[in-house]
There are 2 protein chains.
Amino acid sequence: MLLPAKARLTRQRRAVLDAIGRGGGSFTAVELYDLARRREPGLSLATVYRTIDLLKRTDAVRPLAGSERGEYVRCSPGHHHHLICLTCGSVEETELCAAPPEAELRERHGFTPSSHELDVYGTCAGCLAA
Amino acid sequence: MLLPAKARLTRQRRAVLDAIGRGGGSFTAVELYDLARRREPGLSLATVYRTIDLLKRTDAVRPLAGSERGEYVRCSPGHHHHLICLTCGSVEETELCAAPPEAELRERHGFTPSSHELDVYGTCAGCLAA
DNA sequence: ATAACTGCAAACGGTTTGCAAGTCT
DNA sequence: AGACTTGCAAACCGTTTGCAGTTAT
């Protein structure tokens, strides 16, 4: 959850970071806005977006790939994928990774992979219990 | 590339389908608009969007997951993933599929998967040659 | 001191919608 | 007739930007 090098840790940013900290791992700019505004009432939506933008640069946050518009996910560094609960919307990270083997991609499609993105949808432990 | 049941195949829709037919598999609403307008000059952007919407319902088209806003991909039916060329933007389908095994997801995360989305980025055969 | 940061309000880009007219069967 | 479709223009929603003033270091 780190900001880029020369970024300053202001009250507003602290409030946004804190808001990201709560919640199930995925969020909307407006959700953060509402949450963060409880402790930082003057906060503007523009600042929320600017903060999200900073976090995107350090890969601490990413737009949620396979989803509706406007959803972001909190991300820890390093290669991982997301388990997205279709019931409660929570997002969990997993280090489990199964990409198609490079050799086969090359052989079958002449395609040279450099990265991939994988999201798994389903039901999280909590929602399964209920 | 089929339209839903009771949908009519009008001149405008034919032009849009045709425009999707050209191109490398991924496209933008406006790209289609420009292309299709060459043979169907009166065509409106709204109609392009409405046609894309129809195709989304039959899964003949999907929003391109891990990409900028506004990109769509032509999709054939059935489970497959996309190989996206970072150089030319073309999108190829592959039946190669490697998802994390259900048993392991359940064991490690208590997560019950129901579907997944996988996109591979890299360089396509054509661009590798050049 | 000086770069970084903020709120505001306006602008943006992609997408959707209400409507009245047109078209297919 | 009756359901479906279209173009137009306006509305929408998430996001970005210019600006003038404020703040962290």
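On a predicted model such as this, the values are computed, not experimentally measured, just so you know.
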- Item | Pair B:His116 and A:His82, ring centroids less than 6.0 Å apart | no

The residue among A:Leu55, A:Asp53, A:Leu54, A:Thr51 that forms side chain to side chain contact (heavy atoms under 4.5 Å, CB included) with A:Val61 is A:Leu55

Within the sub-3.5 Å range, which N or O atoms of nucleotides 19-25 of chain D have a protein N or O partner, and how far apart are they?
{"residue": "D:dA24", "atom": "N3", "partner": "A:Arg8", "partner atom": "NH1", "Å": "3.3"}

Note: for B:Gly42 and A:Ala46 on DNA chain D, the residue whose nearest nucleotide lies more 5' is B:Gly42

Rounding to the nearest 10°, end axes of the helix from C:dA1-D:dT25 to C:dT25-D:dA1 built from five pairs each make an angle of 30°

Under 3.5 Å donor-acceptor, A:Thr123 side chain and A:Leu128 backbone: no

In whole angstroms, the gap separating C1' of C:dT15 from CG of B:Leu45 amounts to 8 Å

Rounded to whole Å, CD of B:Glu31 lies from P of C:dG14 at a distance of 10 Å

A:Asp53 atom CG is separated from D:dT15 atom C1', nearest whole Å, by 10 Å

Taking any heavy-atom pair under 4.0 Å as a contact, classify A:Tyr33: base, sugar-phosphate, or nothing. nothing

Minimal heavy-atom distance between B:Ala98 and A:Pro100, with the atoms involved, is CB-N, 3.8 Å

note: B:Gln12, atom CD; C:dC24, atom C1'; distance rounded to Å ~ 12 Å

Whole-Å distance, B:Leu3 CG to C:dC24 P, equals 15 Å

| Using 4.0 Å as the upper bound for N to carboxylate O, is an ion pair formed by A:Arg108 and B:Glu95? | yes

Looking only at heavy atoms, the pair that brings B:Leu45 and B:Tyr33 closest together is N-CE1, 3.4 Å

ask   = Which word best sums up how the rings of B:Phe27 and B:Tyr72 line up, parallel for under 30°, tilted for 30 to 60°, or perpendicular for over 60°?
value = parallel

Here the distance between atom C1' of C:dT23 and atom CD of B:Glu40, to the nearest Å, is 13 Å

Considering only heavy side-chain atoms of B:Thr47, the closest of D:dC4, C:dT15, D:dT6 is D:dT6

Carboxylate-amine/guanidinium proximity below 4.0 Å for B:Glu40 and B:Arg14 = no

- prompt: OP1 or OP2 of C:dA4 less than 4.0 angstrom from a side-chain nitrogen or oxygen of A:Arg13, does that happen here?
  reply: no

Could you see if B:Ile20 belongs to whatever hydrophobic cluster contains B:Leu43? Use Ile, Leu, Val, Met, Phe, Trp, Tyr and a side-chain cutoff under 4.5 Å.
yes

Between CZ of B:Arg37 and P of D:dT6 the distance, given in whole Å, is 14 Å

Rounded to whole Å, OH of A:Tyr49 lies from P of D:dT16 at a distance of 7 Å

